[in-house]
Amino acid sequence: MGNALTVANARLPGRLEESLRAAQYIRMSTERQQYSIPNQMAAIALYAAERGLTIVRTYVDEATSGLRLSNRPGLIGLLNDVQSGSVDFANVLVFDVSRWGRFQDTDESAHYEFICKHAGVKVSYCAEVFENDGSPLSGIFKNLKRLMAAEYSRELSAKVFAGQSRVAGLGFWVGGEPGFALRRELVDAKGNSKGQLQRGHQKAIQSDRVLLRPGPAAEVAIVRWIFQSFVVDRKNETRIARELNAGGIRNHRGTTWSLQMIGRILRNEAYIGYTVYNRTSNRLRQRRVNNGRGKWIRGENAIEPIVPREIFDRAQKIFEKRLQRFTSDDLLKKLRVLQMRQGQLSRTIIDQAKSTPKAYVYERRFGSLRAAYALIGYVPKVDFTYIDARAARNDFIKQLASEIAASVPQVDPSLIPERAGGCLAVKNGSFISLRVSRCWQHPQRNCPAWTLRRGARPRPGLVVIARMDEQNRQPLEFILELMSCLPKRPLIVTEPVLAKRYPRRFKGTADLIQALKRMPLGRARRTFL
């Protein structure tokens, strides 16, 4: 489709030819048909033909909201290509200002346009009444259009929320996946059933509605067993999850159970016949927030109850008792008594004790269990210094990722966290993985040693390993290597082994970044071989 509407043009020599080459950026959300991809491409092709431009590349974001950049791979790819300095076009054609984005902060929209302008690429809006020529009048029109685009999203969000609230109040299901032992039934405007919606399916007709129904009898029995175990048998969420997993029972996603999943089931009012909407919200793709109970919208008697109300209420009282307010002295006193009775303390011991608040209560009040231990004078036998080292490692990885992303245009600035450290995505589909190798004393050789790891799920591309000093406070150097060159199993190395096996070593981040900038990342493998 992208090639069908590309306007052919005669090739011209030198800079003139480049100035007449253009890329088109197309974004279609789902709210208005006139913004369909064929309509946008037709208008852009006509605009290009009138000005003698040749469309040589197309960037598309299909069925994508314009509120955030992070979920728009087409625009991200365009900006990465422009910043790389290797593009073969001097113009970007967009249908109108709203297709560029409906960013709630209009400065963000201007920022992404300025990135193109700074790289010598002009952004033109083909369906607007003004030319984006940098004149004061075009600036006024453009900012006004950006404000209108942002306001349209705000008004649409308010209207959608009001409509969904009304529907939820009538007892219909408004949301995604309902949870374990629950199914969605599609009904028409007259209440006639149209069958069950499978996972991932959505209604196609606006007048249709969705009701919740109890699921298979086996799943209903499991839900009742969970409430019975929690309320009557006094088992905590962790123990219930372990027993379900030991029995080979999977949750509604087909994965193993966790204590968080058990907690959500025990708090879910759908099991006593109520649908609840607006517990959380993230309006306009902003940060998700938890709403107070006063903002919840309940649909009463919307589903056949699975669990007796009396059992459900007893479960809620257990949660309320956990959260009752203790003074810090009361919490420490209970912890001290438990330590004297048990002889030691751990998260498991605290969670299983009926007379002591759960471990997470101590973490919230004192910052960590270790801080609470210190206040009662208890010294655990386990060495927890690795926790401090892990936090310092994560901070170091974030700082290193920021420096690389700010200096190497081909790298996406978003850090992808991993258990072994983190990684940065490169525009060609590969990755730059970041690792920290801590120093330790080799018991047989009596010398400093380091362990190099690929990680559980290594990403293709390069790996940067920060080798720490003997105090594990500062990096001695940075090792740059292909991920495939690291051994599959952890490798213990000393100074002589490092010098022999890994010659690409840099003393500071500045030298490392210069090496990455000189390296054609798209051809990293060929460069290394």
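Residues take their numbers from the sequence shown, with the count starting at 1.
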Taking the basic N atoms (NZ, or NE/NH1/NH2) and the acidic carboxylate oxygens, is any pair closer than 4.0 Å for K194 and E185?
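Here K194 does not pair with E185 in a salt bridge, since their nearest N and O are not under 4.0 Å apart.
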What's the verdict on ring pair (Phe, Tyr, Trp, His ring centres under 6.0 Å) for F319 and F230, showing C-alpha distance, side-chain angles and the deciding distance?
CA-CA 11 Å; F319 289 123; F230 184 74; 5.2 Å; yes
Spacing of CG belonging to L480 relative to CG belonging to D511, to within rounding of 0.5 Å
12.0 Å
Tell me, please, which residues at least two apart from E62 pass salt bridge (Lys or Arg N to Asp or Glu O under 4.0 Å).
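Testing E62 for salt bridge (Lys or Arg N to Asp or Glu O under 4.0 Å), a comparison that skips the adjacent residues, returns none.
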About how many Å separate CD of E237 and CE of M261, when rounded to the nearest 0.5 Å?
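Those atoms lie 13.5 Å apart.
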What distance do E403 atom CD and T509 atom OG1 have between them, rounded to the nearest 0.5 Å?
4.0 Å
Residue among I76, L78, I26, L79 satisfying side-chain contact (heavy atoms from CB on, under 4.5 Å) with Y59
L78
Set of salt bridge (Lys or Arg N to Asp or Glu O under 4.0 Å) partners for K145, sequence neighbours left out
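Scan of K145 (salt bridge (Lys or Arg N to Asp or Glu O under 4.0 Å), adjacent residues dropped) gives E128.
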One thing to verify: whether D412 and K427 come together as a salt bridge, which I'm taking to mean a side-chain N less than 4.0 angstrom from a carboxylate O.
no
Given the side-chain rings of F180 and W257, with only the six-membered ring counted for Trp, is the space between their centroids under 6.0 Å?
yes
Over all heavy atoms of both residues, which pair between G179 and Y271 is shortest? Give the atoms and the distance, please.
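In this case the closest contact between G179 and Y271 is C-OH, 4.4 Å.
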CD/E304: more than 12 non-hydrogen atoms of other groups inside 6.0 Å:
no
For the pair N91 (side chain) and L53 (backbone), establish whether a donor and an acceptor sit closer than 3.5 Å, ignoring hydrogens and angles.
no
Atom OG of S135 and atom CZ of F141: how far apart are they, to the nearest 0.5 Å?
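Interatomic distance, S135 OG to F141 CZ, rounded to 0.5 Å: 9.5 Å.
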Closest non-hydrogen atom pair, V82 against I115
CG1-O, 4.0 Å
Around K203, counting heavy atoms of other residues, nucleotides and ligands shown, do more than 12 lie under 6.0 Å from its NZ?
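More than 12 heavy atoms, drawn from other residues, nucleotides or ligands, come within 6.0 Å of this atom.
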Verify the ring-centre separation between F95 and Y47: is it less than 6.0 angstrom?
no
Residues E481 and R504 bridged, charged N to O under 4.0 Å:
yes
How long is the span from the OG atom in S258 to the CG atom in N251, to the nearest 0.5 Å?
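CG of N251 is found 8.0 Å from OG of S258.
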So do the side chains of L211 and I303 get within less than 4.5 Å of each other, counting heavy atoms only?
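No, their side chains stay 4.5 Å or more apart.
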Check this for me: does any side-chain nitrogen of one of R51 and E131 sit under 4.0 Å from a carboxylate oxygen of the other?
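Between E131 and R51 there is a salt bridge, with a charged N closer than 4.0 Å to a carboxylate O.
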Think R57 forms a cation-pi with F89, using NZ or CZ under 6.0 Å from the six-ring centre and within 45 degrees of its axis?
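Because its charged atom misses either the 6.0 Å distance or the 45° angle limit, R57 does not stack over F89.
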Show the nearest heavy-atom pair for residues C423 and F431, with the distance to one decimal.
SG-CD2, 4.0 Å
Rounded distance [0.5 Å steps], CG in L147 versus CD in Q104
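With rounding to 0.5 Å, CG (L147) is 10.5 Å from CD (Q104).
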Could you check whether E219 pairs with R183 (Lys NZ or Arg NE/NH1/NH2 to Asp/Glu carboxylate O, under 4.0 Å)?
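Yes, E219 and R183 are salt-bridged.
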Has S157 got a side-chain atom pairing as donor or acceptor with S153's backbone, closer than 3.5 angstrom?
no
Output yes when a side-chain donor or acceptor of S84 lies under 3.5 Å from a complementary backbone atom of D81, and no otherwise.
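Side chain of S84 to backbone of D81: a pair is present.
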Taking R146 as the fixed residue, which of D105, D107, T106 is the one that meets the side-chain contact (heavy atoms from CB on, under 4.5 Å) rule?
T106
Side-chain polar contacts of residues 163-173 - donor-acceptor pairs under 3.5 angstrom, sequence neighbours left out - could you list them?
{"unit_1": "Q164", "atom_1": "OE1", "unit_2": "Y277", "atom_2": "OH", "d": "2.7"}
{"unit_1": "S165", "atom_1": "OG", "unit_2": "F161", "atom_2": "O", "d": "2.8"}
{"unit_1": "W173", "atom_1": "NE1", "unit_2": "G176", "atom_2": "O", "d": "2.9"}

